[in-house]
Amino acid sequence: MSDSSRSALRLALGLAEPATADALAERLQRHLLALLSDRLGLPAEIVDDLMGGDAARMRAALEADPVEWLAAAARTGDPSVGRALWNAEYRADDGSAVRALVDAPGLLPVLLDAADFWDARWYADDGMLKMAYDADGPLMSLALAHGFAGLSVLGLGAFNAYLPPPAVVDACLDLLGLWGTVEPFADFLQLHDQAPTMSACHPWLPDLLRAALTAPDPEALLRRHRPTDEWADPEHRSALAALRCGYDAFPTKPDGLDWELIRREHARLPFCRANLPTHDQWAEDPLLLLVRWEGCPTELLEESLRNDPTETARCAAELPFEVFTRPWEGDERKALFLYGLEPGIRAGRLSVERVLAEVGPAEAVLTYLPLDHEPTRKALAHHLDALGADPANWLTFYARLSTARGSVTELIADATAPHGPRKRHTTWPRAVPAQFPPEAPAHARPTFLKAFASVPEEVQCAVVPHFDARAVQQLLVFHDPSPTVRAAAVAAHGTSAQVAMAAWYALADEKLQYLLDLDDPAVDATLFRYGRLDRAESARILSGRLRSGGSRPVPAELLAALDDPDADHARTRLTAGLGSGDVRVARRILGRLRTLHLPASRLRVLVAVWEHGGPEAVRELLATGHLPVTLRRRTQKLLDEPDGLERLRAELAAAESPAALLAYLGEPTARPGDRLRRLRSEGLAPPWGALVAARAAGTLDGALLAALLPAPDCPRPLLLAGLETTPVHGADWLRHALGDGRLTHTDLLTRSAPARAALHNLQQYADLHRPGEPSDEPSGEPRRPVCARAADLTQEHLGAHVDAWAGCLQLLPTFTGTLPELLVKAGELTG
C-alpha cells in the first residue's frame, strides 16, 4: 500500500458509519492488516495472529493508543512477539516513527514478567537474547537494566562488565533460580578460561562461581557476597545502565542514589566514551550525562571539563565558583565563560561581585558578562564609576584590557593609578579609520564598547570625543547609544561619523530613519551604496527629492556611488531610478544595467528625462547609445514635434497597460518565471486583473499560471485554478495560501485534483488555517467545517454501500478528478 492508500483507508473507516466501517474492514482486511503493521511497527503476520483475524478488532486497533496496544501484545510473553517488539517502530500521531522499547521502556519489563524462559525460542540464533548482545545504546541500556545478564551464560559474559558488583551477583542468582542448578556457572568458567576478559572488570567473579560449584547452599553463598541495599532499586539500576550506554534517559539523578556508589563505579570502569558497550552514533559521553545531575562531585566535573570543556560548560547543572578561578587554558576557559558564567550569574548561582573581584582575565570576564541582566549591569557600572569621566582613565583602561591577567577590579585600579610604573594614555592607542562597509568589532574593541555602554550618559558624552573613527563607527552601528550620546559623537567627529554609520547594510529601522531624515548628500550616497533601502527610498534619493520636502540636484556623492566600479548595486535598486528625470542618473543607470527588458521601462526613462530636463537632456541620453536603435530614431523624430512629449507619454501608457504587460508575460521567448522576475525587477506589478480574465477565457498559459502561484499577492481565482493540477506532495505556494487565508481546506476538498493529491495535502497542511478559523483538535473538540463537509459528501454518495466505499478506495490511486467527483464516480459504478 502507498502512503496515500493507507491514509485513505484510515480516513474511510473513520468517516463511514460503524456498521459500514466494520463491513469495509472485513472486505479490505488484507489492506487493513498492512495499515496496522505500518502503524504498530510489527510484522503483518504477528498482528494477524494477535488479532485472531477479527476485522472489527483490527478497526478498533487503528484508533487505539499504540503503546497501550503494544503493552497488551507484550503481556503474551511470546518470544516471537518479543523479538518483533525489539525491532518495532510504531507511528506516533504526527506520523513519525518511534522506537517502541526505547520510548515506552515499560514494555520490556511487561514482556519479561510474562515470559517463559524455558521456551527454546528465546535462545535461538535469531532470538531476542542473542539480538540484545548487538543492540544500540538505548536498547542495550534496557537489556542491562532489566536482567538480561541473568538469563543465559552468554548474557552474563556480555553484560557483567557494565553492571556494579551487586547487580552481577543478582544476575548469578537469577541464573541459579532459572536453571535450578549450578551448571551455568561451570559453563561460564569454561568460557572464561578461553576468554579471560569476560570478567576483567570483576576479577573476583570466577573465584566466587568456583566456590558456588562446591558449596552445599550456592544461593546462600551468593547472597552473603551481595550488600543488602546497594543497587537494589530498579530505578537506580536503570539510571546506571543508561549512563553506561550514553543514553540520556535520566535528566536528573534518581532519588536516593548515593554519589559514593557512582564514584565507585567510575573507579571500577570509568564513565567515558571509550567504555561504551556499543558503537551507537547517537550515544553521548557518559561523563557529560553525569555532570547534568545536580550535586555532581567536583572531581568528576573537572575531569569532564578537561575532556570536553565546551560541552561540559554548556550542559553542567552546576559550576561552582572555584571552577572559574582554576588555571584553565585556552578553549577550556573560553567554554567556561561562554556557557557557564552567564547562566550561573542569571540563575544567582554566581556572585557578580565575586566574579568582578576575583575572576580573570578581565577581558574574558567582561566579554561574557550578561549585561542585559540588570543586576549584572548595575554591578559593573558601580565598578566602572572609579574611572569617572576622565578620558585618560578610559583610554588607559582600553589600552591595558587585552593584556591584563587579573580581575576587572584589578584592571580598573591599575588604569586609575596616577603614579603607576606604566604609561597612561591621553589619546586612542593605535587609532585606525572607519571601514566601508564596517566589520564587527574584534579583539578588545567589542569588550570595551560593551563596558562603555553600561555607564551613565554624561560619562559617555565626555569620553566619546576621544574615540578613534572606527570606535565611533562601531559604537553607532553595533551598539545603541542614546540620542544624546549619538549627538555628542557627531558634534565631536562631524558628519563623517554619520557617513560611517550609514555604511552598514543591516541598520535597525530607528537608525535608518535617523540617517534618512538628515537629507545629507554624503549620508544618502553611502546609504545607497551600502545600506538597506526599499525601492521607494532609492527612487526618492535618485530623483533628488528631500524627506523634509522640496528637492535638490542629485548630489555629486550619489553620482560617484553610481560610478563606483567596485559597487555591486542590485538591479532593483538601480531600476528604482528609472523615473528620476536627472539625465546624469539616467545615463549611469542605463550604463550599469546594459539592458532593460520591458519597453515600458525604456519609455519611462525617456519621459522622465524629457519632463525634467527638456529635449536637450533627452538628446544627451540618446547619444550614449544605451537604448535600442529603433527607439532612439523614433524618439529623435518626436523631439522636433510640438506634441512629441504627449505622444511619448501615450506610448508609455500603452506599454504599461495590462494588455501590454500580459502580452509580455506570455511571450514564448523566455521562461514564465524569468519574465515575471524581470517585470518586478523593473518596478512593475503583474496585471492581476488581466491575468484572471485570461484564465477565465481559457487563454492563460499553464506554465505562466504555475509561475504566478508562488507570488504572495497572487489572487484567489488563480490559486483556485492552480488547484486543478495540485502537486501530490504539496508545494510552498499551497502552504502559504492556506496560511494567509487566500485558500481554505474546503477549497482543497472540493476543487483540488487529482483526488489523491487533495487527500495528501489535506492531511499534510491540517494545521494551516485562516486566521480566526479553529484548528484541528483532539477528539471531543469541535471539528472544522471541512471535516463535516467530508462526512456529508461520503454519506451522500456512498452511504452504507460497502461496494461503493471499496470501489472509491480502488479508484483513488489513478483518478484524475477531485474528491467529490471520485465519490460520485464510485457511487455511479456501484449503482
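Note that this is a predicted model, so its numbers are computed, not measured.
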Can you tell me if Gln460 uses its side chain to pair, donor with acceptor, with the backbone of Val455 under 3.5 Å?
yes
For the backbone of Arg584 and the side chain of Arg588, can you confirm whether one donor and one acceptor N or O come within less than 3.5 Å of each other?
yes
Do Thr572 and Ser681 have a side chain donor and acceptor closer than 3.5 Å?
no
Take His466 and Leu395, measure what side-chain contact (heavy atoms from CB on, under 4.5 Å) needs, and give me the verdict at the end.
CA-CA 8 Å; His466 299 271; Leu395 295 171; 4.3 Å; yes
Heavy-atom side-chain contact between Leu709 and Leu734 under 4.5 Å
no
Aromatic rings Phe448 and Trp428: how do their planes relate, parallel, tilted or perpendicular, breaks at 30° and 60°?
perpendicular
With side chains defined as the heavy atoms from C-beta onward, is the minimum distance between Leu738 and Asn761 less than 4.5 Å?
no
Mind running salt bridge (charged side-chain N to carboxylate O under 4.0 Å, His left out) on Arg592 and Asp568 for me, showing each step along the way?
CA-CA 10 Å; Arg592 294 197 75 114; Asp568 185 19; over 6 Å; no
Aromatic contact, Tyr765 with Trp733 (centres under 6.0 Å):
no
Glu682: side-chain hydrogen bond (donor to acceptor under 3.5 Å, both in side chains) partners, not counting sequence neighbours
Arg571, Ser601
Heavy-atom neighbours of Arg552 CZ exceed 12 at 6.0 Å:
yes
Have a look at Arg602 and tell me which of Leu631, Val607, Leu652, Leu578 forms a side-chain contact (heavy atoms from CB on, under 4.5 Å) with it.
Leu631
Contact between Pro658 and Leu661 at the side-chain level, heavy atoms closer than 4.5 Å - yes or no?
no
Given side-chain contact (heavy atoms from CB on, under 4.5 Å), test Leu718 with Trp688 step by step and report yes or no.
CA-CA 9 Å; Leu718 294 182; Trp688 292 119; 3.8 Å; yes
Taking the six-membered ring for Trp, is the centroid-to-centroid distance between Trp504 and Tyr530 below 6.0 Å?
no
Does atom CZ (Arg573) have a neighbourhood of more than 12 heavy atoms from anything else shown, all under 6.0 Å?
yes
Arg751 side-chain N/O to Leu723 backbone N/O, donor-acceptor pair under 3.5 Å:
no
I'd like to know if the side chain of Ser580 pairs up with that of Ser543 as donor and acceptor (distance under 3.5 Å, no hydrogens or angles considered).
no
Can any side-chain N or O of His425 pair as donor or acceptor with the backbone N or O of Thr396 at less than 3.5 Å?
no
Does a salt bridge link Lys378 with Asp385, judged by any charged N lying under 4.0 Å from a carboxylate O?
no
Any idea how Phe528 and His569 line up, ring-wise: parallel (<30°), tilted (30 to 60°), or perpendicular (>60°)?
tilted
Show, in sequence, the C-alpha distance, side-chain angles and deciding distance for Asp701 and Leu705, and conclude whether the side-chain contact (heavy atoms from CB on, under 4.5 Å) test is met.
CA-CA 6 Å; Asp701 179 65; Leu705 173 63; over 6 Å; no
I'd like to know whether CZ of Arg532 has more than 12 heavy-atom contacts from other residues, nucleotides or ligands below 6.0 angstrom.
yes
Would you check, one step at a time, whether the test salt bridge (charged side-chain N to carboxylate O under 4.0 Å, His left out) holds for Arg529 with Glu557?
CA-CA 10 Å; Arg529 170 69 171 82; Glu557 294 91 339; over 6 Å; no
Ignoring hydrogens and geometry, is there a side-chain-to-backbone donor-acceptor pair from Arg678 to Leu598 under 3.5 Å?
no
Between the side chains of Thr744 and Asp747, is a donor N or O closer than 3.5 angstrom to an acceptor N or O?
yes
Test His479 against Phe452 for side-chain contact (heavy atoms from CB on, under 4.5 Å), laying out the working first.
CA-CA 10 Å; His479 293 266; Phe452 180 76; over 6 Å; no
Could you check whether Arg486 makes a cation-pi contact with Tyr514, meaning its NZ or CZ is under 6.0 Å from the centre of the six-membered ring and within 45° of the ring axis?
yes
Indicate yes or no for a side-chain donor-acceptor contact from Lys637 to the backbone of Gly644 under 3.5 Å, with no hydrogens or angles considered.
no
Salt bridge present between Arg430 and Asp468 (N-O < 4.0 angstrom):
no
Okay, side chain of Glu651, backbone of Leu603: is any donor-acceptor separation there less than 3.5 Å?
no
Pair Asp740 + Arg742: basic N to acidic O under 4.0 Å
yes
N/O donor-acceptor pair under 3.5 Å between His493 side chain and Val464 backbone
yes
Tell me if a side-chain donor or acceptor on Arg470 pairs with a main-chain N or O of Ala434 at a distance below 3.5 Å.
no
Side chains of Asp390 and Arg424: closer than 4.5 Å at any heavy-atom pair?
yes
State, with a plain yes or no, whether a side-chain heavy atom of Leu749 is found less than 4.5 Å away from one of Thr818.
no
Identify the residue among Asp519, Asp517, Asp524, Asp520 that makes a salt bridge (charged side-chain N to carboxylate O under 4.0 Å, His left out) with Arg547.
Asp517
Quickly, which of Leu638, Val609, Leu648 forms a side-chain contact (heavy atoms from CB on, under 4.5 Å) with Val618? Name it, please.
Val609
Kindly indicate whether the side chain of Leu720, heavy atoms from C-beta on, has any atom under 4.5 Å from the side chain of Leu743.
yes
Keeping Lys450 on the side-chain end and Leu371 on the backbone end, is there a donor-acceptor pair under 3.5 Å?
no
From CA spacing to verdict: side chain to side chain donor-acceptor pair (under 3.5 Å), Ser482, Glu457:
CA-CA 8 Å; Ser482 69; Glu457 274 186 358; 2.8 Å; yes
For the pair Asp643 and Arg649, evaluate salt bridge (charged side-chain N to carboxylate O under 4.0 Å, His left out) and give the outcome as yes or no after the intermediate values.
CA-CA 10 Å; Asp643 62 345; Arg649 285 173 177 156; over 6 Å; no
Would the Tyr398 and Phe467 ring centres measure less than 6.0 Å apart?
no
Under a 4.0 Å N-O cut-off, is there an ion pair linking Arg587 with Glu620?
yes
